[in-house]
Amino acid sequence: QVQLRESGGGSVQSGNSLRLSCIDSGRSFARDAMGWFRQGVGKEREFVAAIGRLSRGEMPTWYSDSVKGRFTISRDNAMNTLYLQMDNLKPDDSAVYYCATALGMSGIPSAGEFRHWGQGTQVTVSS
């Protein structure tokens, strides 16, 4: 059974950075595509970033326009851990951030293909 646990959230001022982590207890982490989503108060869930599995020496990544150039997604397959480095944070980035996995999928899945979710970690950015 896949269990995802996020950490690293907190309260920061605008312009600062945070790094989120997500530990995956599943046995197939290296073979799975992973992603980060967020949901702010009164907002719909937003697909923020994704990273595919290593294939032919490449590991694809994808970012929403709202975070491109500020956030970096990465993974450590040896540690079964997914990361989201968030730089130059803005108040609009305030949300609960969730990691998710698309089991056994290569490439970058669509948002609807992520089926397993963590409990989330709160990020609050003040101006």
Side-chain angles (χ1 to χ4, degrees):
Q1 183 176 356
V2 175
Q3 288 188 336
L4 304 173
R5 186 173 75 250
E6 304 93 339
S7 63
S11 297
V12 297
Q13 291 190 323
S14 182
N16 283 357
S17 300
L18 282 173
R19 188 176 80 156
L20 306 183
S21 300
C22 172
I23 296 177
D24 183 345
S25 67
R27 297 183 178 184
S28 64
F29 178 81
R31 300 192 298 274
D32 302 333
M34 302 293 297
W36 287 99
F37 293 73
R38 68 185 182 186
Q39 188 165 18
V41 175
K43 298 181 180 180
E44 294 187 355
R45 187 173 62 194
E46 179 185 7
F47 186 18
V48 173
I51 186 166
R53 66 187 184 193
L54 183 64
S55 178
R56 300 180 180 180
E58 295 187 357
M59 193 177 294
T61 58
W62 173 89
Y63 300 93
S64 69
D65 287 343
S66 61
V67 306
K68 194 176 297 182
R70 300 188 297 121
F71 290 12
T72 304
I73 189 171
S74 61
R75 64 193 299 166
D76 183 339
N77 288 340
M79 300 296 291
N80 274 25
T81 303
L82 176 72
Y83 300 101
L84 185 67
Q85 177 67 39
M86 306 186 296
D87 297 321
N88 191 21
L89 283 162
K90 304 175 181 180
D92 282 348
D93 295 320
S94 297
V96 178
Y97 283 72
Y98 301 90
C99 70
T101 182
L103 296 179
M105 295 197 68
S106 61
I108 300 298
S110 64
E113 292 176 304
F114 289 88
R115 304 295 174 84
H116 300 272
W117 301 80
Q119 294 299 309
T121 184
Q122 176 71 48
V123 172
T124 302
V125 184
S126 58
S127 58

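Keep in mind that what you see is a predicted model, and the values were worked out from it rather than measured.
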Report yes or no: does [X] contribute a side-chain atom to a donor-acceptor pair with the main-chain N or O of [Y] at less than 3.5 Å?
{"X": "S94", "Y": "V125", "value": "yes"}
{"X": "S25", "Y": "Q3", "value": "yes"}
{"X": "Y63", "Y": "I73", "value": "yes"}
{"X": "N80", "Y": "G26", "value": "yes"}
{"X": "D32", "Y": "G104", "value": "yes"}

Compare all side-chain heavy atoms of [X] with those of [Y] and state whether any distance is below 4.5 angstrom.
{"X": "D93", "Y": "M86", "result": "no"}
{"X": "S66", "Y": "R38", "result": "yes"}
{"X": "L4", "Y": "L82", "result": "no"}

### Message
Taking CZ in R31 as the centre, count heavy atoms belonging to other residues, nucleotides or ligands within less than 6.0 Å. Is the count above 12?
### Response
no
Answer yes or no: does atom CE of M79 have more than 12 heavy-atom neighbours from other residues, nucleotides or ligands under 6.0 Å? no
Minimal heavy-atom distance between E6 and C99, with the atoms involved, is OE2-N, 2.9 Å
is_close_aromatic(W36, F71), centroid dist under 6.0 Å: no
Interatomic distance, OH@Y97 vs SG@C22, rounded to 0.5 Å, equals 14.5 Å
d(S127 OG, Q13 CD) to nearest 0.5 Å is 8.5 Å
Subject >> Same cluster (ILVMFWY, side-chain, under 4.5 Å), M34 and Y98 >> reply: no
